[in-house]
2 protein chains.
Amino acid sequence: MPASLRRGPLVDAICERLARQYRSVPWLPPERALSARLGVSRSALREAVQRMEIQGLLEVKHGVGVRVVNKPQAPVGATLARELPDLTERLRQFAEVRLLVEPAIARAAAERAGPAERTALRVAHGRLGTTLDEAVPADLEFHRTLAELAGNRVLSLMLSSIAGLEAETRRITLEHVGLAEAAAQHARIVEAVERGDGDAAHAAMLAHVRAAREATPVLAPSFSPSGPRSAKTSAARSP
Amino acid sequence: MPASLRRGPLVDAICERLARQYRSVPWLPPERALSARLGVSRSALREAVQRMEIQGLLEVKHGVGVRVVNKPQAPVGATLARELPDLTERLRQFAEVRLLVEPAIARAAAERAGPAERTALRVAHGRLGTTLDEAVPADLEFHRTLAELAGNRVLSLMLSSIAGLEAETRRITLEHVGLAEAAAQHARIVEAVERGDGDAAHAAMLAHVRAAREATPVLAPSFSPSGPRSAKTSAARSP
DNA sequence: TTGGTTGCAGTGGTCTGACCTCCTACCTCT
DNA sequence: AGAGGTAGGAGGTCAGACCACTGCAACCAA
């Protein structure tokens, strides 16, 4: 009955079926039951599950079950961790990438955001609480929201991957910059996005990321993606 | 004998051992022999192999064997393909990302490259042949070399991931732009890097990527990472 | 000789069913 | 009511068999 007239590897077919049929349930059925239901062996099913786990679509917990998640940034993050084993170097390069990507995202968000998106951003900005434990995830969420508004999934994905591995740093950064100052910088970005002013958003975000980097004891930049000539991209109006 | 006193998942340990011991051989031993040698079951070994395949470290071919490779961009590329199933949209976003990232890479490369690196770049540039079949891989290689000189593995990785999925487009682009013109643009970049002039390298690369995008029937940009105000980043000296 | 064909041996792919390890929730005892 | 133990069920590992694909070498025909 589940014979199917496939040509390629069986595991691929299983992955597709899983992704299609169990997209919106919290947990997968037990492996034994599921393999029986799909008409494949447990081995093949396990290979498929493992594959999707690495891809960030599933999360298997020994003795518990297989949870359905959606973290497409997981494989990217894992790759980066493998490619840059040294934590300090990784964080330094992350900072450089943020310096390049975040302003571009802010500009794009300002130029594309409609009323609904602006509201979402305002909400995310409002969540920045008064304690570090609240602020760190809120800060991450703010930047994530902005990246989504920008409409470029590639940049968004890259930023998520980076954020996942530097969450610890954000705490230090926020502590040094100060919650009030960080909130003020966020506010300037929100303001620019509300006005649809791409240049201002770019400038505000650039200032924000620069402040974060300079307040954190990450090493000096080995190169500056935006160049030392500050008159280039931050010439736009800014409060 | 290979009992080992592990705590975590066995598969993790196998992956480590494989990565460590078989890093520099072209092929892995057959699964049966290898599982016996490592003292684990074939199932466990297969899970490890499959994992490393997804991570871009192995490449298994049915009926042939398991090849040892090193393509860290594979998982990123796969993720992007899954996140952006629509080919046109994917290529458009790729073009935008390149527009943002490549100039930054060129600048960094110019500011960091020493004599040896400059030679490597010159060699890569020299390989741009006279036929499309030669030019496409040579063009890819040129940009890859430049990214390596820039010294930021994150950007380099991202660019490789993109390149792997847009190789087909490069052919069209090169055809429209013309090999001679593309070579001239590359030459301007090389020149700037040789002089250590970051701004010029940035400008030359920006012009190159823009020309490529405008010559290719990819859709109009939904947003411009570098902004519509052309006076911003391309103000540097340029031939 | 040369060209295509066939068969075989070795590889990864899948299946089965058994046992081990871990987590949870329930149950018991205090 | 709380702390501790226990049984069930989840994933993890194992063993051995058979299936499917690939490459090559031996073979046969022109």
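Note that the structure is a prediction, hence the values are computed from the model and not measured.
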Which word best sums up how the rings of A/His208 and A/His143 line up, parallel for under 30°, tilted for 30 to 60°, or perpendicular for over 60°? parallel
What is the separation between atom NZ on A/Lys61 and atom C1' on D/dA10, rounded to the nearest whole Å? 13 Å
Testing C/dT14, D/dC14, D/dG11 for proximity to the side chain of A/Val60, the answer is D/dG11
Looking at B/Gln50 and A/Glu47, would you say the former's side chain and the latter's main chain have a donor-acceptor pair under 3.5 Å? yes
Atom CZ of B/Arg46 and atom CG of B/Leu34: how far apart are they, to the nearest 0.5 Å? 12.5 Å
Are the charged groups of A/Arg92 and A/Glu96 less than 4.0 angstrom apart, N to O? yes
Rounded to whole Å, the CH2-C1' distance (B/Trp27 to D/dT22) equals 11 Å
Can you list, in residue-number order, the parts of residues 44-51 of chain A that come under 4.0 Å of DNA chain D, counting heavy atoms only? A/Arg46
Rounded to whole angstrom units, what separation is found between the CG atom of B/Leu10 and the C1' atom of D/dG11? 14 Å
Would you say CZ of B/Arg153 has more than 12 non-hydrogen atoms from neighbouring residues, nucleotides or ligands within 6.0 angstrom? no
Check: A/Arg90 side chain, A/Leu84 main-chain N or O, donor-acceptor pair, under 3.5 Å: yes
Rounded to whole angstrom units, what separation is found between the CG atom of A/Leu58 and the P atom of D/dG11? 11 Å
When the nearest nucleotide of DNA chain C is assigned to B/Pro30 and to B/Ser43 on a heavy-atom basis, which residue is associated with the more 5' position? B/Pro30
Are B/Val123 and B/Arg127 packed together at the side-chain level, in the sense that at least one heavy-atom pair is separated by less than 4.5 angstrom? yes
From CG of B/Leu38 over to P of D/dC14, roughly how many Å is that when rounded to an integer? 11 Å
What protein N or O atoms touch nucleotides 17-20 of chain D N or O atoms at under 3.5 angstrom, if any, and at what distances?
{"residue": "D/dA17", "atom": "N6", "partner": "B/Arg42", "partner atom": "NH1", "Å": "3.4"}
{"residue": "D/dC18", "atom": "N4", "partner": "B/Arg32", "partner atom": "NH2", "Å": "3.2"}
{"residue": "D/dA20", "atom": "N3", "partner": "B/His62", "partner atom": "NE2", "Å": "3.2"}

Please answer whether the main-chain N or O of B/Asn152 pairs with a side-chain N or O of B/Ser156 as donor and acceptor at a distance below 3.5 Å. no
CD of B/Glu59 versus P of C/dG12: gap in Å, rounded? 14 Å
To the side chain of B/Val64, which of D/dT22, C/dC15, D/dC14 is closest? D/dT22
Nearest-Å distance for atom pair CG/P, residues B/Asp12 and D/dG12: 11 Å
Quickly work out the A/Ile14 CD1 to C/dC15 C1' distance and round it to whole Å. 12 Å
Taking NZ, NE, NH1 and NH2 as the nitrogens, is one of them in B/Arg144 or B/Glu148 under 4.0 Å from a carboxylate oxygen of the other? yes
